[in-house]
Amino acid sequence: MLKIAIQKSGRLFEDSVKLLKDAGLRIENSLDQLKAPVRGFDAEVLFLRNSDIPKYLESGVADIAVIGENVLREKEVDVISVEKLGFSKCRLSIALPKGEKYEGPKSLNRLKIATSYPVTLQQFLTENGVDASIHQISGSVEIAPNIGLADAVCDLVSSGSTLIKNGLVEQETILHSEAILASNRKSSIQKSVLIEQLTFRIRAVLEGRKNSYIMFNLPNEKVAEVVSVLPGLKSPTLLPLVDPKWSSLHTVIPEKEYWNVIPRLKEIGAEGILVIPIDKMIY
Ligand code: PRP
């Protein structure tokens, strides 16, 4: 049985559960459970504290986990990064109070920086030859300069609103992060079949999320022109309509491209354009 670790609470929780469900794993949990059986796959889900997951993964308590790259990097564990998952994108940045001058890493010399990421921050400071002191705190980092605990902060930034609310200005990004699927090295050999099966399912879900199925009607004489603007898979499907002068064209296009492509299709003469989400996609 594969032991899958996910965050017990926090920003990754909902997306992690949704990803597993979309991959066909039915998690039979009640909210107070720390371990839940799974139907539809030979696995159980462990709900763990975010900061504990890397060690549990490295030691084999969990075989595979959904975890932020930022946490894995901070804990310096030896695990395998299997797949980037495309959610919980954020950055680890250094921010200073508004009005403070910043002219590159050297401006941090002799400052006291509050952070929950002392290892990652120290690596950045060392690489840049900066002599600053680190004040480690486990939460509410952005308040530190306001209450006289530190001169600067190094914390996760997503929308940036927490920094703004606390009168801080983001000056240096030291790490970009998103949720990833990571596995234990030993489990990866012993349970390779299960890990491959789960990864296959998850990749199919992620590919589906990145693409849309589109279909529309068009006059036959416009087919070549329409095909020339489509970025889709190898070759689109063309089906005859009852009206012999018209056809229906079906294809898959990357989500990031369809708002550019659709107006062009309309200009050429496409009608009745439907954009449909894809549940799973396997190349
Ligand atoms: C994180 C981080 C910041 C905030 C940034 O905290 O520590 O405080 O999000 O997000 P924003 O740029 O969108 O404002 P989170 O709420 O995840 O909880 P934490 O304090 O437990 O890290």
Side-chain angles (χ1 to χ4, degrees), residues 4-20 29 31-34 45-58 62 65-77 79 81 84-100 102 105 108 111-125 130 132-182 209:
I4 307 168
I6 64 169
Q7 211 184 50
K8 187 168 70 155
S9 58
R11 291 195 183 203
L12 270 71
F13 173 75
E14 277 182 23
D15 284 328
S16 305
V17 169
K18 181 159 189 340
L19 179 68
L20 295 178
N29 69 317
L31 285 175
D32 56 347
Q33 272 180 314
L34 298 179
V45 174
L46 312 178
F47 299 94
L48 302 173
R49 278 173 60 120
N50 203 30
S51 56
D52 292 337
I53 290 177
K55 284 288 173 207
Y56 286 145
L57 191 58
E58 187 179 46
V66 177
I67 182 76
E69 286 174 302
N70 54 307
V71 185
L72 276 189
R73 165 92 182 263
E74 177 66 21
K75 301 292 179 187
E76 298 186 295
V77 287
V79 296
S81 295
K84 288 189 187 252
L85 299 174
F87 58 84
S88 287
K89 290 190 178 172
C90 62
R91 51 199 187 271
L92 184 64
S93 291
I94 295 173
L96 266 67
K98 209 170 156 187
E100 293 291 330
Y102 185 78
L108 301 169
L111 295 190
K112 195 179 193 185
I113 309 173
T115 189
S116 312
Y117 293 85
V119 174
T120 314
L121 174 59
Q122 186 57 62
Q123 283 166 0
F124 171 82
L125 296 176
V130 177
S133 65
I134 295 177
H135 182 74
Q136 185 177 350
I137 42 179
S138 55
S140 306
V141 171
E142 290 90 345
I143 204 172
N146 274 324
I147 57 174
L149 262 182
D151 307 300
V153 301
C154 173
D155 200 14
L156 295 181
V157 182
S158 176
S159 66
S161 69
T162 310
L163 289 183
I164 292 168
K165 275 185 218 149
N166 287 282
L168 299 168
V169 178
E170 185 177 2
Q171 298 288 9
E172 191 84 55
T173 296
I174 67 174
L175 178 74
H176 286 276
S177 172
E178 66 183 89
I180 62 163
L181 190 67
R209 287 179 184 176

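Just follow the structure's listing: the first ligand is 1, and inside any ligand the first atom is 1.
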Lys75 with Glu58: basic N within carboxylate O range, under 4.0 Å: no
Residue-ligand contact Gly139/ligand 1, heavy atom below 4.0 Å: no
Least distance between heavy atoms, Ile174 atom then Leu121 atom: CD1-CA, 4.0 Å
Look at [atom] and say whether a protein heavy atom is found at less than 4.0 angstrom from it.
{"atom": "atom 16 (O) of ligand 1", "value": "yes"}
{"atom": "atom 19 (P) of ligand 1", "value": "no"}
{"atom": "atom 13 (O) of ligand 1", "value": "yes"}

Glu14 side-chain N/O to Lys18 backbone N/O, donor-acceptor pair under 3.5 Å: no
Steps toward side chain to side chain contact (heavy atoms under 4.5 Å, CB included) verdict (Cys90, Arg11): CA-CA 11 Å; Cys90 62; Arg11 291 195 183 203; over 6 Å; no
What side-chain donor-acceptor pairs closer than 3.5 Å can you find for residues 132-144, not counting sequence neighbours?
none

Polar contact flag for Asp155 and ligand 1 (N/O pairs, less than 3.5 Å): yes
Polar atom proximity, Gly160 to ligand 1 (N or O, under 3.5 Å): yes
Per-atom contacts of ligand 1 with Val157, taking only distances under 4.0 Å to non-hydrogen atoms: 12 (O)
Atom indices of ligand 1 within 4.0 angstrom of Thr162 heavy atoms, with elements: 4 (C), 5 (C), 8 (O), 10 (O), 11 (P), 14 (O)
Phe124, CZ: over 12 other non-hydrogen atoms inside 6.0 angstrom: yes
Shortest heavy-atom approach to atom 6 (O) of ligand 1 - which of Glu142, Lys165, Glu170, Arg11: Arg11
Shortest protein heavy-atom distance from atom 11 (P) of ligand 1, along with the residue and atom involved: Ser159 OG, 3.4 Å
Protein heavy atom at shortest distance from atom 5 (C) of ligand 1: Leu156 O, 3.4 Å
